[in-house]
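The structure appears right after this line, and notes come after that.
Here is the naming used below: chain letters follow the sequence lines, and residue numbers restart at 1 for every chain.
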Number of protein chains: 2
Amino acid sequence: MAVHGARSRSGGRPTLEEVAARAGVGRGTVSRVINGSPRVSDATRAAVEAAVAELGYVPNTAARALAANRTDAIALVVPEPETRFFAEPYFSDMLRGVGAELSETEMQLLLIFAGSDRERQRLAQYLAAHRVDGVLLVSVHADDPLPDLLSQLEIPAVISGRRSAEETLPSVDSDNYGGGRAAVEHLVSRGRSRIGHLAGRMDVYGAQRRVDGYRQGLRDAGREVDDRLIVPGDFTEEGGRRAMSLLLERFPDLDAVFAGSDVMAAGARQVLRESGRRIPDDVALIGYDDSAIARHMDPPLTSVRQPIEEMGRAMIDLLLGEIADRRPAASRGLEKRQLVLPAELVVRASS
Amino acid sequence: MAVHGARSRSGGRPTLEEVAARAGVGRGTVSRVINGSPRVSDATRAAVEAAVAELGYVPNTAARALAANRTDAIALVVPEPETRFFAEPYFSDMLRGVGAELSETEMQLLLIFAGSDRERQRLAQYLAAHRVDGVLLVSVHADDPLPDLLSQLEIPAVISGRRSAEETLPSVDSDNYGGGRAAVEHLVSRGRSRIGHLAGRMDVYGAQRRVDGYRQGLRDAGREVDDRLIVPGDFTEEGGRRAMSLLLERFPDLDAVFAGSDVMAAGARQVLRESGRRIPDDVALIGYDDSAIARHMDPPLTSVRQPIEEMGRAMIDLLLGEIADRRPAASRGLEKRQLVLPAELVVRASS
DNA sequence: AGGTACTGTGGGAGCGCTCCCATCAGTGAT
DNA sequence: ATCACTGATGGGAGCGCTCCCACAGTACCT
């Protein structure tokens with residue numbers, strides 16, 4: 001006996017069916033118009049669009065997701081505590097690029113932090129429920145289980161940077177090798193003869209590549225590479241200080257330092273100052289990341305800039321491609337799915 | 001002729017039906033167990049849970065959303081460009097509180113920026129599609145159309161701060177009045193006799209209340225309020241400088257200043273310095289927000305602290321209540337739905 | 001013994017959409 | 001005039017869940 005009128009549970013919102021009735025067409029046709037199918041005559045399309053406008057029709061996402069098995073949403077997963085996310089400009093730049101590129105589409109972006117174990121647990125559950133069509137993974141460490149979980153669940157994903165030379169996931173990286181090389185080349189061209197390198201954490205592939213670039217830069221200049229000139233730090237200021245002290249101890253006649261990050265360069269600067277050395281007169285200093293630190297340092301720090309915002313855009317492009325190409329599972333090779341964007345040396349007063 | 005086997009479009013994920021078959025019960029029973037209904041015997045529940053575990057069953061959110069007309073997601077809407085979001089600790093603190101409180105539930109948080117017109121357009125579309133069960137609105141200006149859109153769409157929402165004394169939406173605010181009063185009380189107790197106030201933008205209700213508190217603080221001390229001691233700024237550093245200059249011009253014998261924000265206090269400090277006045281010896285200075293600026297200022301700035309993280313938690317509590325109480329539409333009054341959390345004076349060397 | 005009131009359970013009827021097959025009218029070739 | 005296509009359209013059959021009614025079983029009354 002129950003009368004199921006137009007005003008159902010969904011709060012009186014119009015449905016596809018109602019739009020179809022209004023436009024005097026079938027359900028399928030309205031669906032085609034909504035989804036931009038070309039197989040609709042112009043007259044029909046116009047009629048449907050008018051009905052949509054009159055009724056203020058908005059598609060029900062849940063119904064669409066259920067029927068089409070897609071969510072029109074992707075997640076930006078940050079496997080870090082929220083604090084780091086806000087502290088580092090890297091993330092905000094990345095987010096800007098991602099947001100810009102995504103605003104061209106109908107896709108929705110979710111921001112998910114997975115710093116704590118508890119949060120990672122929730123994330124796993126979330127992914128298992130397939131609540132997103134794809135995932136953007138930033139700042140992943142070499143031993144993170146997340147990428148494997150993703151491929152196991154067959155969720156398209158793109159990673160920023162790469163975990164190793166054999167990265168299997170689609171990825172967008174910047175040219176750490178070229179960046180390292182450019183830094184050294186610059187120092188050589190300024191007549192520096194003994195150039196040290198404060199390396200980053202060696203379990204980060206990008207840091208390894210910077211070292212490789214440093215080596216090659218020296219070789220290009222016809223110099224021998226003395227491994228004792230390479231001191232590992234850990235990307236922190238304190239690490240930079242320690243590494244710098246050690247380097248100075250080994251080579252009192254050092255006249256240039258290439259640090260694997262601006263933060264380490266800041267630590268190095270302190271040690272150089274304390275030892276009475278002037279920058280750049282006695283020792284030239286170069287950092288990496290071109291962060292705010294670099295611009296505000298005294299003297300302003302020469303640094304290697306990564307096009308982070310552009311990397312964000314590229315990641316979205318790749319991911320959308322992956323999602324669209326879902327049908328011929330793993331058809332294309334990896335070649336076109338791993339991008340490396342150029343890094344650029346920004347010269348300032350420290351070198 | 002088509003055979004619709006167990007492995008359907010959804011990528012072979014088990015369904016409720018399959019779990020039911022496995023556990024030897026009906027569909028309804030499994031649903032009850034999944035949703036924690038008490039109307040299930042212990043034995044049956046155990047059997048179902050075992051089946052869920054064996055099959056690795058995860059509910060299909062889209063189907064649930066469609067059938068139950070809810071999304072289990074809420075949005076934190078920031079009507080500001082992303083840049084400001086990252087720049088101000090207010091948001092990151094808020095996000096931390098919100099995230100913490102939400103992690104106790106099954107709800108998913110979406111972060112949505114609506115700084116540009118284009119983004120606002122998208123947001124409106126998003127809300128019209130009812131893709132979230134509720135909305136948290138932070139940093140809303142008096143004339144923002146968003147709150148009205150929300151109530152028109154009948155989407156539960158909670159606002160941080162309030163737009164005016166007659167705020168109609170559920171809200172969580174801090175006690176700006178009490179904070180202003182406490183600041184003045186403190187200055188009076190330190191023997192300051194001529195106390196100025198650098199007010200914030202007067203279209204922000206909280207700024208008005210700080211002024212009210214300032215006034216009452218003086219009255220409490222039995223002093224007369226001279227309106228020329230109150231100079232409006234605009235919450236910026238430059239505004240703080242201008243207001244401070246004006247104030248100093250009017251009252252060269254000023255011996256205390258209460259600024260409506262730490263940033264304005266920073267501007268004021270510069271002007272005070274330039275005029276040769278020492279802080280706190282000649283002039284005491286108090287800010288508002290207790291931000292990083294306050295702690296790092298020279299001398300460290302006395303400031304009024306708002307419990308932002310706690311406000312975030314409270315907003316979630318309120319919102320979840322609103323969502324749960326959807327049935328008796330607008331039943332409860334507003335009394336219990338507008339919280340005011342205490343502000344606290346953090347005394348440092350500047351006063 | 002017959003009622004009354006639970007509790008626990010099964011399963012039909014949707015939710016609003018997409019997918020896809022059937023249908024129909026039009027077009028050009030035979 | 002007939003046949004084979006093609007493009008445009010209608011609508012059935014799900015997608016996987018929740019809601020709710022119906023029904024069996026048990027317990028407690030009169």
Side-chain angles (χ1 to χ4, degrees), chain A residues 1-21 23-48 52 55 57-72 106 129-131 327, chain B residues 1-21 23-48 52 55 57-72 106 129-131 327:
Chain A
M1 247 340 166
V3 178
H4 293 284
R7 199 168 315 162
S8 58
R9 268 187 282 168
S10 66
R13 281 201 290 147
T15 69
L16 241 208
E17 194 92 45
E18 288 167 40
V19 173
V25 300
R27 205 163 12 80
T29 303
V30 177
S31 177
R32 266 168 231 127
V33 172
I34 299 291
N35 294 292
S37 158
R39 315 214 141 287
V40 181
S41 71
D42 288 347
T44 309
R45 179 184 310 278
V48 170
V52 166
L55 263 35
Y57 170 76
V58 180
N60 180 321
T61 348
R64 173 177 288 175
L66 178 58
N69 200 37
R70 66 195 161 83
T71 64
D72 291 326
E106 297 285 87
H130 284 260
R131 292 187 67 167
R327 285 149 302 181
Chain B
M1 244 344 162
V3 177
H4 293 283
R7 200 168 314 163
S8 58
R9 269 188 282 168
S10 65
R13 282 201 288 148
T15 70
L16 242 208
E17 195 91 46
E18 287 166 40
V19 173
V25 300
R27 203 164 13 80
T29 302
V30 177
S31 178
R32 267 169 230 126
V33 172
I34 299 292
N35 293 292
S37 159
R39 314 213 142 288
V40 182
S41 71
D42 288 348
T44 309
R45 164 168 288 116
V48 171
V52 165
L55 261 36
Y57 171 75
V58 180
N60 180 321
T61 349
R64 172 177 289 174
L66 178 58
N69 201 35
R70 66 194 162 83
T71 64
D72 291 326
E106 296 286 87
H130 284 260
R131 291 186 67 166
R327 283 147 305 180

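Atom CG in B:Asp42 sits about 12 Å away from atom C1' in C:dG8, given to the nearest Å. For the pair B:Glu17 CD and D:dC15 C1', the computed distance is 12 Å after rounding to whole Å. Atom CZ in A:Arg13 sits roughly 10 Å away from atom C1' in C:dG16 (whole-Å rounding). Atom pair B:Leu16:CG and D:dC15:P shows a separation of 14 Å (rounding to whole Å applied). Atom CG in A:Asp72 sits about 14 Å away from atom P in C:dC17, given to the nearest Å. The distance between atom CG of A:Asn69 and atom C1' of C:dG16, rounded to the nearest whole Å, is 16 Å.
Ranked by how close their nearest DNA chain C nucleotide is to the 5' end, B:Pro38 and B:Ala63 are led by B:Pro38. In terms of position along DNA chain C, the nucleotide closest to A:Ala62 lies nearer the 5' end than the nucleotide closest to the other residue of the pair A:Gly28 and A:Ala62. Nearer to the 5' terminus of DNA chain D, by closest-nucleotide assignment, is the contact made by A:Val30 (compared with the other of A:Val30 and B:Arg64).
Among the atoms of the strands shown, none is found under 4.0 Å from any heavy atom of B:Thr61.
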Handout entry: Derivation of the side-chain contact (heavy atoms from CB on, under 4.5 Å) call for B:Glu106 and B:Asp72
Key = CA-CA 7 Å; B:Glu106 296 286 87; B:Asp72 291 326; 5.7 Å; no
Problem - Evaluation steps, side-chain contact (heavy atoms from CB on, under 4.5 Å), between A:Ile34 and A:Val52 - result: CA-CA 9 Å; A:Ile34 299 291; A:Val52 166; 4.1 Å; yes
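Nearest nucleotide to the side chain of B:Arg27, out of C:dC17, C:dT18, C:dG11: C:dG11. For A:Thr15, whose side chain is taken as the heavy atoms from C-beta onward, the closest listed nucleotide among C:dT9, C:dC17, D:dG16 is C:dC17. The side chain of B:Ser41 approaches C:dT9 more closely than any other nucleotide in the set C:dT9, D:dT9, D:dC17. Residue B:Leu66 has its side chain nearest to C:dG16 when only D:dT18, C:dG16, C:dT18 are considered. Which of D:dG16, D:dG10, C:dT18 sits closest to the side chain of A:Thr29 comes down to D:dG10. Of all nucleotides listed (D:dA8, D:dC17, C:dT18), D:dA8 comes nearest to the side chain of A:Arg39. For B:Arg32, the listed nucleotide lying nearest its side chain is D:dC20; candidates were D:dC20, C:dC17, C:dC19.
Listed here is the closest heavy atom pair of A:Arg39 and A:Arg32: O-CD, 4.2 Å.
Side chain of A:Asn60 to main chain of A:Ala62: a donor-acceptor pair is present (N/O by atom type, distance under 3.5 Å, no hydrogens or angles).
In this structure, the separation between CG on B:Leu66 and OG1 on A:Thr61 is 10.5 Å, given to the nearest 0.5 Å.
For D:dT18, the OP1/OP2 oxygens have a side-chain nitrogen or oxygen of B:Asn35 closer than 4.0 Å. Remark: A:Asn60 is not in phosphate contact with C:dC15, judged by side-chain N or O atoms under 4.0 Å from OP1 or OP2.
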